[in-house]
There are 2 protein chains.
Amino acid sequence: MYVQVSVLAPNVPAMYEMHFAVPMAGAVLNTINTRLDAKAVAAILRHSEAKLFFVDYQYVRLASDALQLVADSGAPVPLVAVIDDIDTPTGVRLGELEYEGLVARGDPAVELPQLTDEWDAVTLNYTSGTTSAPKGVVYSHRGAYLSTTSLLLSWGVGNEPVYLWTLPMFHCNGWTFTWGMAARGGVNICMRDARAADIYRAIARHGVTHLCCAPVVFNILLEGDEATQLAAPVNVLTGGAPPPAALLESIEKIGFQVTHAYGLTEATGPALACEWRDQWDRLPLSERARLKARQGVSVLSLADADVKNADTMASVPRDGKTVGEIVLRGSSVMKGYLNNPEANDNAFKGEWFLTGDVGVVHADGYIEIKDRSKDVIISGGENICSKEVEEVLFRHPAVSDAAVVAMPHPRWGETPCAFVVAKDKAAGVSEDDVLAFCRKHMSRFMVPKKVVVYDALPRNALGKVEKVKLRDEAQKLAPAVPAQKTKGKTTNTTTVSGRRGEHPVAHVMAISRL
Amino acid sequence: MYVQVSVLAPNVPAMYEMHFAVPMAGAVLNTINTRLDAKAVAAILRHSEAKLFFVDYQYVRLASDALQLVADSGAPVPLVAVIDDIDTPTGVRLGELEYEGLVARGDPAVELPQLTDEWDAVTLNYTSGTTSAPKGVVYSHRGAYLSTTSLLLSWGVGNEPVYLWTLPMFHCNGWTFTWGMAARGGVNICMRDARAADIYRAIARHGVTHLCCAPVVFNILLEGDEATQLAAPVNVLTGGAPPPAALLESIEKIGFQVTHAYGLTEATGPALACEWRDQWDRLPLSERARLKARQGVSVLSLADADVKNADTMASVPRDGKTVGEIVLRGSSVMKGYLNNPEANDNAFKGEWFLTGDVGVVHADGYIEIKDRSKDVIISGGENICSKEVEEVLFRHPAVSDAAVVAMPHPRWGETPCAFVVAKDKAAGVSEDDVLAFCRKHMSRFMVPKKVVVYDALPRNALGKVEKVKLRDEAQKLAPAVPAQKTKGKTTNTTTVSGRRGEHPVAHVMAISRL
């Protein structure tokens, strides 16, 4: 029924344009995470049944490998078009088609198909690509519109923003700001990589007013020699983890004004935003950071986000103590997973989407996460499903049992830590061997930073792996914090906000509290 | 199917609250223009079939007269509840019920009906009340939501605005800002009258950031002794007529930042906004005023507003010259007129709502009105339908023919000017007699400021009154500009922007150019 168009590209103008061109042509845009490996990309191309595949010249090798895997599997291979660099064309090709050439051949007078049902699909975003049943999240035109306008309002984006593309557009369509910038008459500053020098240069040159990024980018911005007082404030929307007090102080001191949001692919990006109240400006930093670390209120109305007892589906009281599952409903929640009825059944309870995250509601209606969904590791802003890593480990010929949990990491917030049991206790299994196997069978960012060999995994009476114990262990194994240039940005703050003891970014902060 | 709840009240807290309470109770809110006379109010109560009628204590006399007319007509009389003054209760009643008493008796635990169809009616706003078939404009929940969020974005309203209620809430539900302020966590400053002293006091005391008003309020703000430099900028959304250059300069000089919008009741208030571009700040005042006088772009997307040849429904070119009718479509356009199939047939052509206003589209996509719908006179921000005034004139026993056109007025922008023909030429008919008759049979603001007796009205070959000639005449008859305190706010500007020669507000400006 739908025609999917896949794209593998960084934040280049063509990627932005396709957020309009593809839906206007009546097709569905599928942006692919450039950090995936060929196997994961191939799984997405197969599952989405993409008819057309745009590939940025930088990713021709990855795409080529993925296309080979698609061909080998006997699945239909999409038509390929390369996106060359717009400023300095390289001539790199993969087949005959090239993006700008296709655009030049377009007919400006063509009659575009009119959308007749606002619930029709507009984009397809995969939350993972390696499992046998990839989860392709489908957004509708209606959901995308409402998410876009809601988020613009929630973040307070005015007219004519100048937006710097540090957040990949392949993440929930740039948290809807691909469309949002057009809606507010904004200027889009595209960049292939989010390097500190490039970010600071773009801010100065273009008068950037807004950008989005994971907290890991704050570190990039503070570490470099380029870190400098901004000439004008830049609004930053961040998510994935709450910004800890000291990091917040450091980044805000030089002119970044941080808003904390919470979301997930299934909610078209940010679903909650910690909307700031002017009266909080007068509070001490630790208190401000505590308030800002909360995930916040639903973009536009709390009726669409709630914390409920997962069994009874009764709302928890607004006491800041009673925990429940964070649930979402409304048009901004995905239509569903593409061709994956089982995942759809598990994702919803009635009209409510289950996030898997555990939280509380404070007296003022702000939601705060107390414990995150156990099987998700957020590394440098990318979600890693621990189950997917485990599946690969189980395929290792010398491994009989495996479990993966989050380990704090000074740069990436979290990284996967693997615990494995050797099939042959006498022969054992080496960390290097397991790591080499992982590098071969999964995307690079998913590879565990640490592999621990156990005689047996801790299991409870029901035979379930006790991940709480493994997390405690991973906590101890976390890499030491490297020496870091602080550039005089030390603070006197002693309170670090966090939703649990092993808060991933809290460790990063230790250095700025020295 | 729907239950209507009517309200006759100024901008008091109860009026604001009812914008939520009534829809939440599953009923439809009908706010009535307090400037109407008893007959017009009665016509609305009858046509809306209101079951409940909230009346502010200030309007008990008007309501009482209207209810008597309803009773006399044999129509069902609604239940009445008085809204007493919240700060200093007066004890004035009309029957037994009183608003705060009803609220106190409410059950906070009551199960509210859930909205099952977003197209269900939310409010009912009458564009006129005196004709035999009143035009009751029905808004849907969906339309109200989309209008509200679009307008917040278009005007660039951030979080926690402090909004001053100068614009009556009975005008298109306060141009949607009743709901809009709640959506942004705003503070509502309610005031019974928009007097200059009260406005300046409220701005200073509450830190007002936003207000809406007709251009006539600019004069009120500039005339009084209270006119003073604002401590912080106040954003003003204005509509009804484009703000002329000199008035714009005067009002912006003291700290009001004006955005010009265009709309009508049928479009849930503002449908176009002249979204400002930073680059225009560098232009000379006359050029800025020319740009700001344009009606602008559709709130969010030009696809929903267009200028078309009314016969072919082809879009006019973007040349700033070719005129056509301004047409609107989309969810923000009313569901339709209540129980008025004929008016509905005339209002729409296919999916497009016909505004009756004639305009052009400039190269940058901004729409500018070139001629307004002929039968509407905008006086002090209130629409007067010339046909309604004519209908009353025709009922005068000594009048055989009548026509009403707009006459420029230094304070109100426009006022109705009547041209009548005496039945008995010898006996004639006096202006005073006609005016007395008008005052008795129509709302005060609709009464012509001038009555001219002609031997015969100018008519074309088809027998149609040549209103163009009458407008020329009315132009000459316009009252002289009264002496006005200028308080040193004279300007050197010689250009007055306007969409046509007889621009109603242009005359007001003469004084500030002295």
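A, B, ... follow the sequence lines: proteins, then strands. Residue 1 opens every chain.
- Only the side chain of N159(B) comes within less than 4.5 Å of a heavy atom of chain A; its backbone N, CA, C and O stay farther away.
- Remark: M24(A) CE is loosely packed, at most 12 non-hydrogen atoms of other residues, nucleotides or ligands lying under 6.0 Å away.
- When all heavy atoms of R184(B) and L153(A) are compared, the pair lying nearest together is NH2-O, 3.0 Å.
- One finds the CG atom of L152(A) at 11.5 Å from the CG atom of L152(B) (value rounded to the nearest 0.5 Å).
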